[in-house]
Amino acid sequence: MLTSKPRGTNDIIPGETELWQKIEAIITSLARNYGYREIRTPIFEHTELFLRGVGENTDIVDKEMYTFEDKGGRSLTLRPEGTAAVARAYLENKMYAWPQPVKMYYLGPMFRHDRPQAGRYRQFHQFGVEIFGTSHPASDAEVIHLCMAFYQLIGLENLELHINSVGCPQCREILRQKLMAYFESHRNDLCSICRQRVERNPLRILDCKNKICRDAGKDAPTPLDCLCQECRDHFASVRRYLDVQQIAYIVNPRLVRGLDYYTKTAFEVIAPDIGAQSAIGGGGRYDGLVETCGGPHIPGVGFAIGLERTISVIRKQGLEQETHRLMAFVAMAGDTEDVATRIIYTLRQAGVSCDRDYIGRSLKAQMKYASKINAKYVVIVGEDELARGNVTLRDMDTGKQYEVELDKLVAEIKSNTC
RNA sequence: GUGGGCUUAGCUCAGUUGGUUAGAGCGCCAGACUGUGGAUCUGGAGGUCGCGGGUUCGAGUCCCGCCGUCCACCCCA
């Protein structure tokens with residue numbers, strides 16, 4: 001259909017872009033404030049990057065990638081997330097030779113071929129940050145702090161920060177063994193889906209929403225039970241930093257993140273009341289990722305925030321602010337278009353936003369239109385006033401109006417608004 | 001990929017047991033003694049009833065398929 005957008009995509013139209021721009025402005029200044037610099041990577045990458053970076057057994061790679069062949073027969077994929085590409089760019093641009101750590105942020109569209117629903121789209125937008133080159137727990141905490149600071153600046157309330165540690169690969173393997181053994185003996189108490197998970201992905205049984213599985217998994221080992229000493233210390237340290245920064249969090253031993261590259265710290269921000277897809281942001285540490293992409297062993301930590309979901313919370317909580325209004329509408333009464341045109345030019349030069357009628361409306365209709373577009377002032381350029389060297393300035397909020405000399409118009413509007 | 005709901009004007013929705021030219025509210029455009037918005041009143045424009053089949057003398061209405069959309073599952077932002 002010529003008149004319908006591809007499934008799961010969205011037009012962001014006037015009336016909405018204002019909010020996006022505001023969020024983008026917050027992101028830019030916030031990231032700079034924390035010492036992050038922007039990176040812009042391609043919208044598509046070699047498919048291989050995501051296969052290895054994100055993990056072949058993840059759902060993202062398994063069934064959600066927009067993969068296509070270019071004319072040279074190369075397999076390319078629209079990026080389903082940001083971290084793998086940033087890791088690639090880190091290596092390709094030899095950033096390991098830069099002063100470490102390297103702190104970067106990105107902002108842009110991601111693509112996943114999912115079935116759309118509330119809070120889930122095939123093209124959606126993420127704001128994310130990455131720190132490469134340090135495994136210091138303070139960097140985990142900083143990333144979490146930055147994440148929460150973003151929501152705070154946006155004005156969101158009632159968010160839950162869940163944190164956990166999924167350990168290093170060694171801890172994870174121990175956990176896997178323990179879980180398989182545990183759920184093997186509780187197999188009959190699981191839902192049909194989780195029964196299949198026992199061998200395939202026992203970790204996910206932990207956060208199954210089914211009550212039966214919750215009960216069955218009540219005494220199951222969690223990642224926290226299997227941490228090695230190093231991972232245990234790291235997690236404790238991250239928590240201390242969070243405490244020092246007075247960030248409220250919930251330790252959720254059942255928090256398991258879906259992407260293969262996560263190690264140690266994992267966190268997720270939950271917003272109740274926006275439907276089933278309530279995770280508005282999440283992240284964690286990925287010490288193995290750069291190595292997986294063919295580089296040296298370089299630790300990393302970061303997060304990604306879903307902008308559509310964030311906006312959904314903004315709307316739910318009634319936080320949308322009024323947009324910038326047009327300062328002046330220049331209305332014409334009689335044969336005054338030449339003068340009006342010059343006035344518009346002068347106003348715009350002076351930084352006063354203004355507009356005019358283009359379809360030959362009557363003065364009344366021009367007033368009506370000015371009112372509808374919520375202009376602050378109407379400048380009435382009429383023959384009578386012009387004879388006196390004046391125009392009429394009408395305040396559309398108060399309804400008061402008076403004549404102003406032509407060359408004092410800009411100053412008059414500016415003095416009233418500043 | 002799986003399941004369920006929904007599809008009539010720009011938007012929200014009516015539309016009788018199937019029966020002539022498919023309606024309302026809001027919005028849009030205009031008018032109410034010709035230079036003044038919001039209120040009120042009046043008028044106007046705007047619909048292949050999502051698409052394709054089928055049943056019927058006759059389908060917006062009943063049946064089937066498809067598309068789209070919404071919600072949920074899986075999973076994730």
Side-chain angles (χ1 to χ4, degrees), chain A residues 1 3-10 54-55 57-65 79-83 107-128 147 191-194 196-197 200-201 203-204 207-210 255-259 262 268-271 274-283 303-313 329 331-336 357 359-386 391-401:
Chain A
M1 262 296 175
T3 54
S4 70
K5 55 190 160 51
R7 192 165 201 201
T9 62
N10 284 116
V54 178
N57 295 319
T58 60
D59 268 30
I60 288 180
V61 169
D62 212 38
K63 57 178 195 183
E64 295 171 7
M65 294 211 302
R79 62 182 186 193
E81 56 95 55
T83 303
L107 172 63
M110 306 294 166
F111 306 84
R112 292 184 200 171
H113 193 105
D114 240 342
R115 186 103 168 235
Q117 71 180 79
R120 169 178 293 150
Y121 307 100
R122 292 186 171 178
Q123 174 174 338
F124 60 100
H125 296 77
Q126 286 187 334
F127 156 49
C147 181
C191 71
S192 59
I193 302 162
C194 282
Q196 295 166 5
R197 286 180 174 143
R200 227 184 45 152
N201 194 357
L203 289 205
R204 287 231 66 94
D207 62 358
C208 179
K209 282 143 197 157
N210 202 315
L255 174 61
V256 177
R257 311 224 72 228
L259 283 56
Y262 284 111
E268 206 161 84
V269 181
I270 308 292
I274 58 164
Q277 308 308 321
S278 57
I280 60 174
F303 68 69
I305 286 172
L307 262 29
E308 280 81 359
R309 289 184 186 178
T310 300
I311 285 171
S312 169
V313 181
F329 184 85
M332 294 162 277
D335 184 19
T336 61
D357 170 64
I359 55 182
R361 276 191 260 242
S362 66
L363 179 61
K364 187 189 185 81
Q366 291 181 66
M367 297 299 293
K368 206 167 190 170
Y369 176 74
S371 177
K372 270 178 196 145
I373 64 173
N374 193 30
K376 168 76 175 151
Y377 292 102
V378 170
V379 177
I380 299 169
V381 186
E383 289 173 344
D384 297 351
E385 299 95 315
L386 280 185
V391 292
T392 295
L393 183 63
R394 180 181 178 89
D395 185 321
M396 294 298 275
D397 295 335
T398 64
K400 287 178 182 158
Q401 67 179 54

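Residue numbering restarts at 1 for every chain, and letters A, B, ... go by the order of the sequence lines.
- One N or O donor and one acceptor, one from the side chain of A/Arg120 and one from the base of B/C75, sit under 3.5 Å apart.
- Between A/Asp395 atom CG and B/G38 atom C1' the separation is 14 Å, expressed in whole Å.
- One distance of note links CG of A/Asp395 with NZ of A/Lys400; it measures 8.5 Å at 0.5 Å rounding.
- Backbone-only engagement by A/Gly281 is indicated by non-hydrogen atom pairs under 4.0 Å involving sugar-phosphate atoms exclusively.
- Considering only side-chain atoms of A/Arg309, the nucleotide from B/C74, B/G35, B/A77 that sits closest is B/A77.
- The A/Ile380 side chain lies nearest to B/G35 when the options are B/C73, B/A30, B/G35.
- Residue A/Gln401 is in base contact, counting any heavy-atom pair closer than 4.0 Å across all strands shown.
- The side chain of A/Ser371 lies closest to B/G38, out of B/G38, B/C74, B/C73.
- The OH atom of A/Tyr121 lies 10.0 Å from the CD atom of A/Gln277; values are rounded to the nearest 0.5 Å.
- Atom name P, nucleotides B/A59 and B/G52: the rounded distance is 14 Å, in whole Å.
- Judged by distance alone, with hydrogens and angles left aside, A/Gln366 brings no side-chain donor or acceptor close enough to the base of B/U36 to form a pair under 3.5 Å.
- If you take CZ of A/Phe329 and P of B/G38, they are 15 Å apart, rounded to a whole angstrom.
- Using a 4.0 Å heavy-atom distance criterion, A/Gly128 is classed as making no nucleic acid contact.
- Among the atoms of the strands shown, none is found under 4.0 Å from any heavy atom of A/Glu308.
- Comparing A/Gly275 and A/Ser362 by the nucleotide of RNA chain B that holds the closest heavy atom to each, the one mapping nearer the 5' end is A/Ser362.
- Between A/Arg115 and A/Arg120, the closest side-chain pair of non-hydrogen atoms is not below 4.5 Å.
- Counting any heavy atom pair closer than 4.0 Å across all strands shown, A/Ala279 reaches sugar-phosphate atoms only and no base atom.
- For the pair A/Asp114 CG and B/G3 C1', the interatomic distance rounds to 15 Å; values are reported in whole Å.
- Computed from coordinates, the A/Asp357 CG to B/C29 P distance equals 11 Å when rounded to whole Å.
- In the interface, the side chain of A/Glu385 is paired with the base of B/G35 through a donor and an acceptor atom under 3.5 Å apart.
- Summarising the base pairing, B/U61 is matched to no nucleotide, lacking a Watson-Crick or G-U wobble pair whose two defining distances lie under 3.5 Å.
- Out of B/A77, B/C75, B/U36, the shortest distance to the side chain of A/Phe124 is found at B/A77.
- Atoms NZ (A/Lys400) and C1' (B/G38) sit 17 Å apart, rounded to a whole Å.
- Residue-level contact check: A/Glu268 touches neither bases nor backbone, having no heavy atom under 4.0 Å from any strand.
- A distance of about 11 Å separates the P atoms of B/C41 and B/G27, rounded to the whole Å.
- Taking atom C1' on both B/U21 and B/C49, the two are 15 Å apart, rounded to the nearest angstrom.
- A donor-acceptor pair under 3.5 Å is absent between the side-chain atoms of A/Ser312 and the main chain of A/Ile274, judged by distance alone.
- Residue-environment remark: CG (A/Asp397) exceeds the threshold of 12 foreign heavy atoms within 6.0 Å.
- Side-chain atoms of A/Gln277 lie closest to B/C74 of the nucleotides B/C74, B/G37, B/A77.
- When all heavy atoms of A/Gly8 and A/Pro116 are compared, the closest pair comes out as CA-CG, 3.8 Å.
- Nucleotides B/G38 and B/A22 have their C1' atoms positioned 34 Å apart, rounded to a whole Å.
- The residue among A/Ile359 and A/His125 whose nearest nucleotide of RNA chain B is located toward the 5' end is A/Ile359.
- A donor-acceptor contact under 3.5 angstrom links the side chains of A/Thr392 and A/Glu385, judged on distance only.
- Base pairing annotation: B/G25 forms a Watson-Crick or G-U wobble pair with B/C11, both donor-acceptor distances under 3.5 Å.
- Across all strands shown, A/Gly334 has no heavy atoms under 4.0 Å from either base or sugar-phosphate atoms.
- Figure legend. B/U16 is base-paired to no nucleotide; pairs are counted as Watson-Crick or G-U wobble with both atom distances under 3.5 Å.
- The C1' atoms of B/C28 and B/C11 are separated by 11 Å, rounded to the nearest whole Å.
- Relative to the side chain of A/Lys372, the nucleotides B/A77, B/C28, B/A30 differ in distance, and B/C28 lies closest.
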Is there any protein nitrogen or oxygen under 3.5 Å from a nitrogen or oxygen in nucleotides 65-70 of chain B, and what are the pairs?
unit_1 : atom_1 : unit_2 : atom_2 : d
B/U69  : OP2    : A/Arg7 : NE     : 2.9

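- With values rounded to the nearest 0.5 angstrom, A/Met396 atom CE is found 11.0 Å from A/Lys376 atom NZ.
- Using P as the reference atom, B/A9 and B/G15 are 15 Å apart when rounded to the nearest Å.
- Spacing between B/G4 and B/C74 at atom C1', rounded to whole Å, works out to 16 Å.
- Residue A/Leu363 contributes atom CG, which lies 5 Å from atom C1' of B/G35 at whole-angstrom precision.
- Atom CZ of residue A/Arg7 and atom CD of residue A/Gln123 lie 16.0 Å apart, to the nearest 0.5 angstrom.
- The distance from atom CE of A/Met367 to atom P of B/A30 is 14 Å, rounded to the nearest whole Å.
- Remark: the separation of the C1' atoms in B/U61 and B/A14 is 13 Å, to the nearest Å.
- Using N1 to N3 plus N6-O4 or O6-N4 for Watson-Crick, or N1-O2 and O6-N3 for G-U wobble, each under 3.5 Å, B/C66 pairs with B/G50.
- In this structure, A/Tyr369 does not count as stacked on the base of B/G37 under the 5.5 Å centre distance and 30° plane angle limits.
- In this structure, A/Lys63 atom NZ and B/C74 atom P are separated by 10 Å, rounded to whole Å.
- The backbone N or O of A/Ala279 lies less than 3.5 Å from no partner atom in the side chain of A/Glu268, so there is not a single donor-acceptor pair.
- Between A/Asp114 and A/Arg122 there is no salt bridge, since no side-chain N of the basic residue sits under 4.0 Å from a carboxylate O of the acidic one.
- Residue A/Arg361 is classed as a sugar-phosphate contact, given heavy-atom separations below 4.0 Å to backbone atoms only.
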